[in-house]
Peer 1: 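Just passing along the structure, written as structure tokens.
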There are 2 protein chains.
Amino acid sequence: MTDSAKRDRGKRERLVAGAGDLVHRQGVLGVTLAQVAEAAHVPPGNVYYYFKTKDDLLRAVVEARIGEVRAMLHSFDAHADPSARLKALAGRWVEMHDLVARYGCPLGTLSEELGRRDDGLDREAAQLMGLILDWAEAQFRRMNTADPRECAVGLLAGVQGGALLAHALRDPALLADHVRRLQEWIDSLV
Amino acid sequence: MTDSAKRDRGKRERLVAGAGDLVHRQGVLGVTLAQVAEAAHVPPGNVYYYFKTKDDLLRAVVEARIGEVRAMLHSFDAHADPSARLKALAGRWVEMHDLVARYGCPLGTLSEELGRRDDGLDREAAQLMGLILDWAEAQFRRMNTADPRECAVGLLAGVQGGALLAHALRDPALLADHVRRLQEWIDSLV
DNA sequence: GTCTATACCGTGATAGAC
DNA sequence: GTCTATCACGGTATAGAC
């Protein structure tokens with residue numbers, strides 16, 4: 001890789017990371033490309049050198065988030081016990097409960113916003129929830145629980161709903177307490 | 001009331017209703033005042049005669065939604081049994097599962113979007129979830145369940161999370177199935 | 001009291017300078 | 001190959017015509 005390509009990559013990554021952050025805090029439509037440029041320490045207007053359109057940048061943000069989700073799920077596979085894996089998944093939202101109470105779940109708010117579209121990006125964003133759901137279903141299946149798919153939906157819906165309520169009421173403790181109840185529920189299934 | 005005041009009221013109501021609808025489908029920032037005017041059959045630009053700013057109109061939308069929530073909860077009080085009331089609450093989301101799968105829960109998406117703000121409208125919007133939560137808690141308390149507040153959070157989080165997943169995956173059946181599981185859970189507490 | 005024409009700004013996007 | 005000056009558009013909001 002040439003030096004210039006490396007710099008490109010660095011700036012591209014900074015742009016995507018900054019855009020992802022801003023989108024989380026302000027929503028897709030609330031973010032301007034000028035803000036993204038500033039956050040990534042790139043000259044304003046220069047964003048178009050790396051992304052043809054704003055939607056292009058957005059697509060990169062979604063793809064990066066999907067990558068993060070895959071990495072997260074993969075990291076949970078270190079646990080031998082499927083119930084421990086599921087509890088670790090839920091625990092992720094406890095770890096970021098302050099951030100969630102202020103700006104909502106980074107995955108949930110993005111899914112909600114892009115779910116209204118009809119240009120392909122909605123399908124892309126659906127993977128954010130779809131991947132987690134499929135992974136959780138596989139874990140419940142290993143636990144030999146009845147209706148593993150519905151259990152997976154119950155767990156992720158619980159987490160996402162808890163995040164939404166914690167955000168609406170701006171109450172981090174609500175999320176933490178609710179997730180602990182979900183973790184107890186997982187234990188009760190073993 | 002004078003005739004002109006009546007007309008005002010009619011237009012005002014049409015503007016608020018149209019704006020509420022558009023906000024649900026496109027999000028707060030995705031709606032333009034021109035669209036609102038068109039939806040309400042009011043001359044474009046004329047919106048400012050009824051509302052000083054866009055935020056003013058938005059506040060009216062939130063207040064109207066709060067009124068709808070109050071009316072909905074009040075209507076459930078017709079059931080003598082608190083568990084029947086709670087199941088009727090959950091049933092509301094089954095009734096509108098197609099709409100929710102397409103555009104998200106009208107209350108949930110609004111709460112998410114306004115929860116990011118910090119100008120008072122976030123507090124206003126918090127009532128959308130707060131009112132339901134308090135009402136549900138009172139019903140669980142009458143059922144003598146342990147931890148009525150946490151049960152209320154569990155129910156509303158379940159519904160909202162189910163709505164979010166149904167929206168993300170654009171799958172109305174997911175919401176209907178999940179809500180039925182929540183209703184069975186309510187029955188199991190009696 | 002009701003509505004229209006318009007000002008003004010910030011946005012995404014582009015053409016071309018360096 | 002990288003960045004800057006600028007455009008055209010669409011948005012909110014206002015001043016003033018009817």
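Chain naming here is simple, since letters A, B, ... match the order of the sequence lines and numbering starts at 1 in each. Just so it is clear, the values below take in all heavy atoms, side chains as well, and ignore hydrogens, waters and symmetry mates.
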Peer 1: Would you mind reading off the distance between Leu29(A) atom CG and dG11(D) atom P, rounded to a whole angstrom?
Peer 2: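 Interatomic distance, CG of Leu29(A) to P of dG11(D): 12 Å.
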
Peer 1: Roughly how many Å is it from OH in Tyr50(A) to P in dT4(D), rounded to a whole number?
Peer 2: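 After rounding, the gap between these two atoms is 11 Å.
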
Peer 1: Kindly check if the number of other-residue, nucleotide or ligand heavy atoms within 6.0 Å of CZ (Arg70(B)) is above 12?
Peer 2: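 Open: at most 12 neighbouring heavy atoms sit under 6.0 Å from CZ of Arg70(B).
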
Peer 1: I want to verify a distance call: between dA13(D), dA13(C), dT4(D), whose nearest atom is closest to the Thr53(A) side chain?
Peer 2: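 Given the options dA13(D), dA13(C), dT4(D), the side chain of Thr53(A) is closest to dA13(C).
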
Peer 1: For the pair made of CD in Glu38(B) and C1' in dT4(C), what is the distance, rounded to whole Å?
Peer 2: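 About 17 Å, once rounded to whole Å.
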
Peer 1: Which nucleotide wins on minimum distance to the side chain of Thr32(A), given the candidates dA13(D), dC3(C), dT11(C)?
Peer 2: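 Taking heavy atoms from C-beta onward, the closest nucleotide is dT11(C).
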
Peer 1: Round to the nearest Å and state the distance from Asp56(A) atom CG to dA13(C) atom P.
Peer 2: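 For the pair Asp56(A) CG and dA13(C) P, the rounded distance is 10 Å.
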
Peer 1: Take atom CD of Glu38(B) as the centre, draw a 6.0 Å sphere, and report whether it contains more than 12 heavy atoms from other residues, nucleotides or ligands.
Peer 2: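 12 or below, so no.
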
Peer 1: Does atom CZ of Arg116(A) have more than 12 heavy-atom neighbours, drawn from other residues, nucleotides or ligands, at distances under 6.0 Å?
Peer 2: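 Counting neighbours around CZ of Arg116(A), more than 12 heavy atoms of other residues, nucleotides or ligands fall under 6.0 Å, so yes.
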
Peer 1: Mind calculating the distance between CZ (Phe51(B)) and C1' (dT12(D)) to the nearest angstrom?
Peer 2: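 The answer, rounded to whole Å, is 16 Å.
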
Peer 1: Please give, in whole Å, the distance from dG12(C) C1' to Leu22(A) CG?
Peer 2: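 Distance, rounded to whole Å: 16 Å.
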
Peer 1: Looking at the side chain of Asn46(A), which of dT4(C), dG12(C), dT4(D) is the nearest nucleotide?
Peer 2: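 Nucleotide nearest to Asn46(A)'s side chain: dT4(D).
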
Peer 1: Could you check how far CG of Leu58(B) sits from P of dA13(D), rounded to whole Å?
Peer 2: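 Going from Leu58(B) (CG) to dA13(D) (P), I get 11 Å.
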
Peer 1: Of the candidate nucleotides dA13(D), dC3(C), dA13(C), which contains the atom at the shortest distance from the side chain of Pro43(B)?
Peer 2: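 It is dC3(C).
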
Peer 1: Would you mind reading off the distance between Lys54(B) atom NZ and dG10(C) atom C1', rounded to a whole angstrom?
Peer 2: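 Result: 14 Å.
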
Peer 1: I'd like to check Thr109(A) versus Glu113(B) (side-chain heavy atoms, cut-off strictly below 4.5 Å). Are they in contact?
Peer 2: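 The answer is no, as the side chains (C-beta and beyond) never meet within the 4.5 Å cut-off.
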
Peer 1: For dA13(C) and Tyr48(A) - does any side-chain N or O of the residue sit under 4.0 Å from the phosphate oxygens OP1/OP2?
Peer 2: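 For dA13(C), OP1 or OP2 has a side-chain N or O of Tyr48(A) closer than 4.0 Å.
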
Peer 1: Where the side chain of Tyr49(B) is defined as all heavy atoms beyond and including C-beta, which of dT12(D), dT2(D), dC3(C) is the nearest nucleotide?
Peer 2: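 Given the options dT12(D), dT2(D), dC3(C), the side chain of Tyr49(B) is closest to dC3(C).
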
Peer 1: Would you say the side-chain atoms of Ser111(B) pair up with the backbone N or O of Ala168(A), donor to acceptor, closer than 3.5 Å?
Peer 2: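 Between the backbone of Ala168(A) and the side chain of Ser111(B) there is no qualifying donor-acceptor contact (under 3.5 Å).
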
Peer 1: Does Val31(B) reach a base, just sugar-phosphate, or nothing at all? Heavy atoms under 4.0 Å.
Peer 2: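 Sugar-phosphate contact only - Val31(B) comes under 4.0 Å of backbone atoms but never of a base.
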
Peer 1: Can you tell me if the side-chain N/O atoms of Lys11(A) get under 4.0 Å from OP1 or OP2 in dG1(D)?
Peer 2: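 Looking at the OP1 and OP2 atoms of dG1(D), neither is under 4.0 Å from any side-chain N or O of Lys11(A).
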
